[in-house]
Student: 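Take this structure, written in structure tokens, and hold onto it; I'll ask about it next.
Bear in mind the structure is a predicted one, so any value in this text is a computation, not a measurement.
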Amino acid sequence: MSQGKMSAGKLTICIVGSGPAGMYTAGAIVKKNPESQIDIIDKLATPYGLVRAGVAPDHQTTKNVTRAYDKIMENGNVRFVGNVGLSADIPLDKLRELYDVVVIATGTPKDRNLGIPGEDKEGVFGAQTFVYWYNGHPEFRDAVPNLDIETAVVIGNGNVALDVARILMRTEDEMVTSDLAEHAASEIFRSPLECVHVVGRRAPENAQFSSKELGEFAELTSAKTYTDKTALPEEFTSEDKKEEKVVNTNLDLLRSFEQIRPGIEGRSIHLDFLASPVEILGDEAISGVRFERNKIIDGKAVGTGETYEIDCQLLVSCIGYEMGILEGLPVEKGIIKNDEGYVAEGLYVVGWAKRGPSGTIGTNRIDSQNVVEKMLTDFEGGGDPAKLGPAGLDAWCREKNIHAVSFDDWKKIDQAEVARGGGTSPRKKFVRTRDMLSIVQEEG
């Protein structure tokens, strides 16, 4: 088998989801089997998934990866078909009837639950809801949290937890070159929020922060970052030298922050470790969180029985994502059950939906390439010429009166958003699908 084109004949392929995993899958197919016709469907009218809706609005450099995705979309055999949702607009069985191959690249669109009493109270949010809200995801435009608060708690020791805390504490001047959604900006910048606690169950050396993200906390103009330096080990050693370097860099950054102490005044972020939430307090709305202190035994965080409470009016849980129930798909342990990406005949899965929410945007490239290799090996004999593919999808959309959004349509939306940014902000997003569709119709 060559490293270039593979021997599979022309295939009709539908990729469900236009985020990084879906785009890297399309790119790999174009390279290995360029004659195939590829439709990338997405329930949103905008492409690129988490790059648009998940990457922090003040991390514009990370979003530049979309330039590579744009090049994939320029291929004549690749189409973006937006505003067409799996199940909501077209059943999985129908897609499998129309295409030789269907690839699920939806990510893991459900927050993991904390599994503690009180998490249904007002003021308690999962990371996805909160992040999608401030990033302008149309389905979460009205999931507006009450930010007339003084204290927030963020659960988790990964980059998403840092993103949430940082965005809550950035000033309007700090966010002027971001694409923070306008409705979120108005809430965040007028909030009287004074303190954010970022709490992780494990020790500081086990935190999954990137050094870049952690370092940004030293640059905040209106908030100081605090941690308990007495909890920091002098040095971290590991057989994995790359891990050792990253952890020690993070420990140095933590040492550079202020020592936590009673009576702190002014806006503050507290990076707390070795504590697990055990109950969310309050009546209908959250009034605080009870934590149990942990200790590390044999590499695991174990509760000590000692508890303490933090008064707060907002909690954002950033402990990961999982696959919800999706029509016709076997879900097990938070992902779609699969064998190296294979789900069933002509049905594959890539990205987080395949392996769980791990790695960076770039991790999806190798993952998708490996699944494409497997898929094209399975289809060495070519596809079924009776499958209608893109023509069948177009006929379905006409029959069901679905207003599908093409890549050219997206370019019009994109240009309008950039123009609304006024040259300072990279864009001002449309956050309602009807507004996006009206742009497409006006432009003709």
Side-chain angles (χ1 to χ4, degrees), residues 14-19 22-23 39-55 57 60 63 66-67 69-70 72-74 78-90 95 106-107 109 128-145 175-189 390-444:
C14 181
I15 299 171
V16 182
S18 65
M23 294 310 303
D39 278 350
I40 306 171
I41 73 169
D42 199 297
K43 65 179 180 178
L44 298 182
T46 55
Y48 305 152
L50 278 179
V51 179
R52 179 178 169 95
V55 172
Q60 289 299 310
K63 300 190 182 196
T66 58
R67 295 172 185 170
Y69 303 159
D70 287 344
I72 293 169
M73 294 307 308
E74 289 168 4
V78 181
R79 298 196 309 171
F80 172 68
V81 188
N83 201 38
V84 178
L86 178 64
S87 297
D89 294 309
I90 186 166
L95 288 178
T106 57
Q128 186 185 80
T129 298
F130 201 81
V131 170
Y132 279 2
W133 169 73
Y134 67 56
N135 269 329
H137 189 299
E139 293 178 1
F140 294 83
R141 161 64 180 85
D142 297 316
V144 179
M175 294 296 286
V176 72
T177 58
S178 79
D179 61 354
L180 179 68
E182 288 179 292
H183 62 265
S186 65
E187 291 292 328
I188 290 169
F189 299 143
L393 179 62
D394 291 347
W396 175 273
C397 290
R398 285 194 298 271
E399 180 188 336
K400 302 297 181 181
N401 199 27
I402 298 166
H403 188 148
V405 174
S406 70
F407 194 69
D408 283 342
D409 292 336
W410 153 243
K411 286 181 180 177
K412 296 169 187 173
I413 297 167
D414 179 42
Q415 288 166 3
E417 288 187 342
V418 170
R420 293 175 80 221
T424 304
S425 169
R427 69 178 64 243
K428 288 199 184 302
K429 294 176 180 174
F430 294 106
V431 296
R432 298 201 188 278
T433 301
R434 65 170 181 262
D435 294 334
M436 299 180 201
L437 296 182
S438 71
I439 289 293
V440 172
Q441 289 159 352
E442 285 171 15
E443 295 287 331

Student: Distance-only, no hydrogens or angles: does the Arg420 side chain make a donor-acceptor pair with backbone N or O of Lys428 under 3.5 Å?
Tutor: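 Yes: the side chain of Arg420 pairs with the backbone of Lys428.
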Student: Mind checking what makes side-chain contact (heavy atoms from CB on, under 4.5 Å) contact with Asp414, not counting sequence neighbours?
Tutor: Trp410, Val418, Arg427
Student: Which residue, Asp409, Asp39, Asp42, forms the salt bridge (Lys or Arg N to Asp or Glu O under 4.0 Å) with Arg79?
Tutor: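 When Asp409, Asp39, Asp42 are each tested with Arg79, the salt bridge (Lys or Arg N to Asp or Glu O under 4.0 Å) holds only for Asp39.
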Student: Can you give me the closest heavy-atom contact between Arg52 and Phe430, atom names plus distance?
Tutor: NH2-O, 3.7 Å
Student: Decide yes or no on side chain to side chain contact (heavy atoms under 4.5 Å, CB included) for Trp396 and Ile402, but give the supporting numbers first.
Tutor: CA-CA 8 Å; Trp396 175 273; Ile402 298 166; 4.0 Å; yes
Student: With rounding to the nearest 0.5 Å, note down the distance linking CD in Glu417 to CD1 in Ile439.
Tutor: 9.0 Å
Student: What pair of heavy atoms forms the shortest contact from Phe140 to Gln128, and how long is it?
Tutor: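 Closest approach of Phe140 to Gln128, heavy atoms only: CZ-OE1, 4.1 Å.
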Student: Between the side chain of Asn135 and the main-chain N/O of Ala53, is any donor-acceptor distance below 3.5 Å?
Tutor: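 Indeed, once roles are kept as given, a pair shorter than 3.5 Å links the two residues.
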Student: Which heavy atom of Leu180 sits nearest a heavy atom of Pro57, and at what distance?
Tutor: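 Nearest heavy atoms, Leu180 then Pro57: N-CB, 3.4 Å.
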Student: Roughly how far apart are Lys411 NZ and Met73 CE, rounded to 0.5 Å?
Tutor: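 Interatomic distance, Lys411 NZ to Met73 CE, rounded to 0.5 Å: 9.0 Å.
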Student: Where is the tightest heavy-atom contact between Ser18 and Pro47, given as atom of each residue plus distance?
Tutor: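 Nearest pair, atom of Ser18 first, then Pro47: OG-CA, 3.3 Å.
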Student: With a 4.5 Å heavy-atom cut-off, do Leu393 and Ile41 have their side chains touching?
Tutor: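 Yes, side chains in contact.
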Student: Looking at side-chain heavy atoms only, is the closest gap between Ile40 and Val81 below 4.5 Å?
Tutor: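 A side-chain contact under 4.5 Å is absent here.
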Student: So that I can tick it off, tell me whether Glu182 and Lys429 are bridged by a salt bridge, with the cut-off set at under 4.0 angstrom between side-chain N and carboxylate O.
Tutor: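 Salt bridge flag = no for Glu182 with Lys429.
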Student: With side chains defined as the heavy atoms from C-beta onward, is the minimum distance between His183 and Val431 less than 4.5 Å?
Tutor: yes
Student: Less than 4.5 Å apart, side chain to side chain, heavy atoms only: is that true for Met175 and Ser178?
Tutor: yes
Student: Looking at every non-hydrogen atom in both residues, tell me the closest pair between Ile72 and Met23 and how far apart they are.
Tutor: CD1-O, 3.4 Å
Student: Would you confirm whether Thr177, through its side chain, and Ser425, through its main-chain N or O, come within 3.5 Å as a donor-acceptor pair?
Tutor: no
Student: Please test Arg432 against Asp142 for side chain to side chain contact (heavy atoms under 4.5 Å, CB included), starting from the C-alpha separation and ending with a verdict.
Tutor: CA-CA 10 Å; Arg432 298 201 188 278; Asp142 297 316; 3.3 Å; yes
Student: Do the side chains of Asp179 and Lys63 get nearer than 4.5 Å, heavy atoms only?
Tutor: yes
Student: Would Asn83 and Thr433 count as a side chain to side chain contact (heavy atoms under 4.5 Å, CB included) if you check the C-alpha gap in whole Å, the side-chain angles of each, and the deciding distance to 0.1 Å?
Tutor: CA-CA 8 Å; Asn83 201 38; Thr433 301; 3.7 Å; yes
Student: If you measure from CD1 on Ile413 to CG on Asp435, what distance do you get to the nearest 0.5 Å?
Tutor: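 Those atoms lie 10.0 Å apart.
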Student: Take Asp70 and Tyr48 through the side chain to side chain contact (heavy atoms under 4.5 Å, CB included) test and state the conclusion after the steps.
Tutor: CA-CA 10 Å; Asp70 287 344; Tyr48 305 152; 2.6 Å; yes
Student: For the residue pair Phe130 and Trp133, categorise the inter-ring angle as parallel (less than 30°), tilted (30 to 60°) or perpendicular (more than 60°).
Tutor: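 Tilted, since the angle between the ring planes falls between 30° and 60°.
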Student: Of the non-hydrogen atoms in Ala45 and Met436, which two are nearest, and what is the gap between them?
Tutor: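 Residues Ala45 and Met436, closest heavy atoms: CB-SD, 3.9 Å.
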